There are 2 protein chains.
Amino acid sequence: MASPSGGIAKAVTIRDVAAAAEVSIGTASKALNGRGRMRAETRDRVLAAAERLGFRPNPLAQGLLAGRTYTVGLVTGDSFGRFSIPVMLGAEDALGAGQISVFMCDTRDDPIRERHYVERLLARRVEGIIVTGRRTEPRPGIGRDLPVPVVYAMTQSTDESDVSIIPDDEGGGALAARHLLATGRTRIGHVTGPHRFQAARRRAHGLSTALAAAGLEPAGEVLFGQWSEEWGRQGADVLLHAAPDVDAVFCGSDQIARGVAETLRERGRRVPEDVALVGFDNWEPMALGCRPPLTTVDMNLGEIGRLAARHLLAAISGTGDGLLSGSLDGSFGGGTLGGGVTIVPAGLVLRESTRRAVRGG
Amino acid sequence: MASPSGGIAKAVTIRDVAAAAEVSIGTASKALNGRGRMRAETRDRVLAAAERLGFRPNPLAQGLLAGRTYTVGLVTGDSFGRFSIPVMLGAEDALGAGQISVFMCDTRDDPIRERHYVERLLARRVEGIIVTGRRTEPRPGIGRDLPVPVVYAMTQSTDESDVSIIPDDEGGGALAARHLLATGRTRIGHVTGPHRFQAARRRAHGLSTALAAAGLEPAGEVLFGQWSEEWGRQGADVLLHAAPDVDAVFCGSDQIARGVAETLRERGRRVPEDVALVGFDNWEPMALGCRPPLTTVDMNLGEIGRLAARHLLAAISGTGDGLLSGSLDGSFGGGTLGGGVTIVPAGLVLRESTRRAVRGG
DNA sequence: ATGAAAGCGCTAACAT
DNA sequence: ATGTTAGCGCTTTCAT
């Protein structure tokens with residue numbers, strides 16, 4: 001048996017409470033829910049009985065009647081990895097504060113599993129679904145005309161009418177660029193991930209745009225490669241060769257930045273004195289383990305999750321698309337990007353790797 | 001509305017199916033569940049109608065009747081961090097394969113939130129709870145005499161009668177030691193995390209025991225410090241000073257190992273030629289980013305999660321404590337350790353950092 | 001072979 | 001102020 005040692009053998013029903021309080025079931029229900037009018041004495045008697053018996057209303061029965069389940073599904077293709085976790089936590093934060101519980105589903109990026117899970121979630125009558133991923137690349141939606149609202153977080157549906165919440169890669173790149181310019185750097189290189197990643201392209205574009213505004217362009221070519229430390233090490237050498245006078249490197253990820261930092265050190269360039277370094281992700285174990293600790297762009301993943309959850313809640317409450325209305329004008333700067341895409345601004349976390357030289361004040 | 005464009009406005013009930021197939025509700029139910037005997041033609045008609053209407057049985061109603069919910073709760077204090085994620089995935093793996101869905105709850109190591117979540121899970125009539133954490137230290141249980149079985153994974157309840165599944169830190173330390181011995185190393189140092197962590201003490205103990213079996217002891221003192229790269233860098237210097245002839249270092253974590261690797265390189269010691277290096281965790285971004293890539297102990301976290309889930313399922317099915325029976329003999333080597341504690345063996349992942357010197361074959 | 005009816009635990013009308 | 005009743009969607013006897 002589950003709990004042989006005095007555990008609650010059988011769940012206590014409202015019927016038991018009513019019997020114990022010597023009232024009818026209906027009266028017990030009213031007392032417990034504070035509805036209707038009744039003698040205070042009666043109400044207290046019921047409440048006391050419920051308390052004593054350890055009564056918990058059965059949410060299945062309540063839900064069956066109300067036609068609601070107070071649950072949502074969280075589907076990730078990222079195996080709850082580094083990117084989807086913070087998103088999840090933000091979402092759970094916003095949802096759990098209410099009475100919504102979250103079903104977790106890991107699809108491992110397998111469309112079959114995804115379909116399977118979505119089916120199961122719908123069968124369970126979740127009231128909404130949040131889809132997260134590790135890439136911001138548009139992906140096919142999880143289904144058309146689903147009976148519940150769906151929000152894509154940290155990933156994006158190919159269907160522009162779907163609601164997606166994504167990080168501001170371009171803004172993050174611009175942020176890094178302006179910070180480096182502000183600290184007096186002008187020969188800024190860029191080592192980043194594969195060109196096929198939208199995120200890499202956007203970060204590079206943000207950098208270039210911000211530099212152009214200052215009449216500059218990236219030092220050397222923008223170096224697209226891999227999302228790895230190893231590539232960071234190689235890329236730094238390529239960059240040093242192409243632009244020996246480089247005085248700052250913006251990296252597409254913190255991992256790349258670590259590799260770059262290592263090569264710079266080995267080539268006798270001091271960070272930040274000779275070359276300033278900015279990473280991307282604010283992945284703390286990486287950014288803090290780097291020598292020196294890394295200034296890096298933070299995508300505010302938690303905020304993405306919270307926003308996704310709030311959009312979902314709004315859609316569920318029937319406030320419907322209210323939160324998103326007016327976002328179809330295609331405006332780009334205001335944090336919204338046509339369709340249902342919402343862009344969450346990135347922030348910059350300042351650490352040693354871009355500290356201004358002491359002599360510079 | 002949720003889906004204005006032709007979405008499923010209202011869930012299809014078995015009543016609708018029955019009507020469409022021109023049979024009674026009872027017959028429809030039987031047809032859908034393959035129970036009772038009936039004309040094949042009737043069954044087909046019902047199935048076709050269900051298919052056409054997109055019927056999904058309402059699990060709330062089914063559960064209400066069956067007295068089951070086919071859900072379990074997953075409670076973590078680790079904010080679904082690096083350690084609990086793989087455990088979670090393993091658990092979800094084992095559970096999701098059945099028809100069990102998982103509610104996720106992040107307590108942020110806050111007892112108030114934890115209590116709150118456990119209450120909510122019980123109110124939802126989950127059939128079991130898995131508790132995960134970031135530390136293996138025994139912790140107070142989530143409650144006594146709960147109406148459902150509870151399994152602690154990657155953490156441990158102070159109540160010895162609770163079921164806990166934990167990694168084999170001691171065995172992992174011994175594994176590392178034997179591997180280093182096998183590759184011909186004899187002056188083996190150890191740099192690890194804070195002494196207050198059971199995991200650090202156990203890994204150190206495993207190392208010492210295995211070395212003792214070969215008539216050796218750790219080179220220099222066992223260096224307890226922090227779980228950080230920075231400490232790895234410092235610790236390596238301390239070790240090189242205390243035991244200049246050290247020819248291998250076993251580290252309490254991959255992060256520490258990276259720090260150690262850096263210092264070794266800077267002090268002119270080649271890895272693995274002069275000094276072999278073994279980490280702990282098999283945290284791939286760290287272990288692969290290290291130069292050279294790190295041989296490291298893998299705690300098989302996924303297996304811990306799967307095992308936890310299987311224990312839970314067994315307990316739920318009423319097979320009850322079967323899986324654990326006979327484990328109260330206090331035997332240590334067999335993977336079981338008195339009470340309800342199950343220890344999952346660790347493995348070793350071989351990479352460059354312990355490659356045998358070329359001349360050695 | 002099929003249908004009718006009861007009931008899972010609960011809430012909300014309605015009746016007393 | 002309290003009790004009675006119907007019904008949420010489903011399964012399962014028990015009649016037919």
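What you see is a predicted model, and the numbers here were worked out from it, not measured in a lab. So you know, we letter chains A, B, ... as the sequences are listed, proteins then strands, and number each from 1.
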Peer 1: For C:dT11 and A:R35 - does any side-chain N or O of the residue sit under 4.0 Å from the phosphate oxygens OP1/OP2?
Peer 2: no
Peer 1: For DNA chain D, what residues of residues 43-51 of chain B have any heavy atom nearer than 4.0 Å?
Peer 2: none
Peer 1: Give a yes/no on whether any side-chain N or O of B:T42 is located under 4.0 angstrom from OP1 or OP2 of C:dT2.
Peer 2: yes
Peer 1: Can you tell me the distance, in whole Å, between the CD1 atom of B:I25 and the C1' atom of C:dG3?
Peer 2: 11 Å
Peer 1: To the nearest 10°, give me the bend of the helix from C:dA1-D:dT16 to C:dT16-D:dA1, comparing the axes of its five terminal pairs at either end.
Peer 2: 60°
Peer 1: Tell me every residue that passes ring pair (Phe, Tyr, Trp, His ring centres under 6.0 Å) with B:F55, counting only those two or more places apart in sequence or in another chain.
Peer 2: none
Peer 1: Starting at atom CZ of B:R15, determine the distance to atom C1' of C:dG3, rounded to an integer number of angstrom.
Peer 2: 14 Å
Peer 1: For a quick test of reading the model: is some side-chain N or O of A:S29 closer than 4.0 Å to OP1 or OP2 of C:dT11?
Peer 2: yes
Peer 1: Measure NZ/A:K30 against P/C:dC14 and give the value in whole Å, please.
Peer 2: 13 Å
Peer 1: Looking at residues 61-70 of chain A, who's got a heavy atom less than 4.0 Å off DNA chain C?
Peer 2: A:A61, A:Q62, A:L65
Peer 1: For residues B:T71 and B:S101, is any side-chain donor paired with an opposing acceptor at under 3.5 Å?
Peer 2: no
Peer 1: Have a look at A:Y117 and tell me which of A:R113, A:E119, A:E114, A:R115 forms a side-chain contact (heavy atoms from CB on, under 4.5 Å) with it.
Peer 2: A:R113
Peer 1: Expressed as a whole number of angstroms, how long is the span from B:L32:CG to D:dT11:P?
Peer 2: 7 Å
Peer 1: Counting neighbours of CD on B:E22 that are heavy atoms of other residues, nucleotides or ligands and sit closer than 6.0 Å, is the number greater than 12?
Peer 2: no
Peer 1: Using ring pair (Phe, Tyr, Trp, His ring centres under 6.0 Å) as the criterion, list what pairs up with B:Y70, not counting sequence neighbours.
Peer 2: none
Peer 1: Relative to the 5' end of DNA chain D, which residue comes earlier, B:L60 or B:G26, by the nucleotide with the nearest heavy atom?
Peer 2: B:L60
Peer 1: By nearest atom, which of the nucleotides C:dG3, D:dT11, D:dG3 is closest to the B:N33 side chain?
Peer 2: D:dT11
Peer 1: Determine whether B:T76 and B:D78 satisfy the following criterion, side-chain hydrogen bond (donor to acceptor under 3.5 Å, both in side chains), listing intermediate values before the conclusion.
Peer 2: CA-CA 5 Å; B:T76 179; B:D78 180 26; 4.8 Å; no
Peer 1: Between B:D16 and B:R52, does any NZ, NE, NH1 or NH2 come within less than 4.0 Å of an OD or OE carboxylate oxygen?
Peer 2: no
Peer 1: Considering just the side-chain nitrogens and oxygens of B:N58, establish if one lies under 4.0 Å of OP1 or OP2 belonging to D:dC8.
Peer 2: no
Peer 1: Under 3.5 Å, side chain of B:N33 to main-chain N/O of B:R35, donor-acceptor pair present?
Peer 2: no
Peer 1: Should the heavy atoms of other residues, nucleotides or ligands under 6.0 Å from CZ of A:R144 be counted, would the total exceed 12?
Peer 2: no
Peer 1: Could you check whether A:R37 gets within reach of a base, just the sugar-phosphate, or nothing at all, counting any heavy atom under 4.0 Å?
Peer 2: base
Peer 1: Do B:F103 and A:V102 have side chains that approach each other closer than 4.5 Å (heavy atoms only, starting at C-beta)?
Peer 2: no
Peer 1: Distance-only, no hydrogens or angles: does the B:E137 side chain make a donor-acceptor pair with backbone N or O of B:T155 under 3.5 Å?
Peer 2: no
Peer 1: Between the side chains of A:D93 and B:R108, is the shortest nitrogen-to-carboxylate-oxygen separation below 4.0 Å, so that they form an ion pair?
Peer 2: yes
Peer 1: Rounding to an integer number of Å, can you tell me how far B:E41 CD sits from C:dT2 C1'?
Peer 2: 13 Å
Peer 1: In whole angstrom, give the distance that lies between atom CD1 of A:I14 and atom C1' of C:dT11.
Peer 2: 8 Å
Peer 1: Using a heavy-atom distance cut-off of less than 4.0 Å, which residues of residues 116-127 of chain B contact DNA chain D?
Peer 2: none
Peer 1: Under a plain distance cut-off of 3.5 Å, with no hydrogens placed, do A:S161 and A:D159 share a side-chain donor-acceptor pair?
Peer 2: yes
Peer 1: Are the side chain of B:R120 and the backbone N or O of A:G96 linked by a donor-acceptor pair below 3.5 Å?
Peer 2: yes
Peer 1: Ignoring backbone atoms, test whether B:S24 places a side-chain nitrogen or oxygen under 4.0 Å from the OP1 or OP2 oxygen of C:dA4.
Peer 2: no
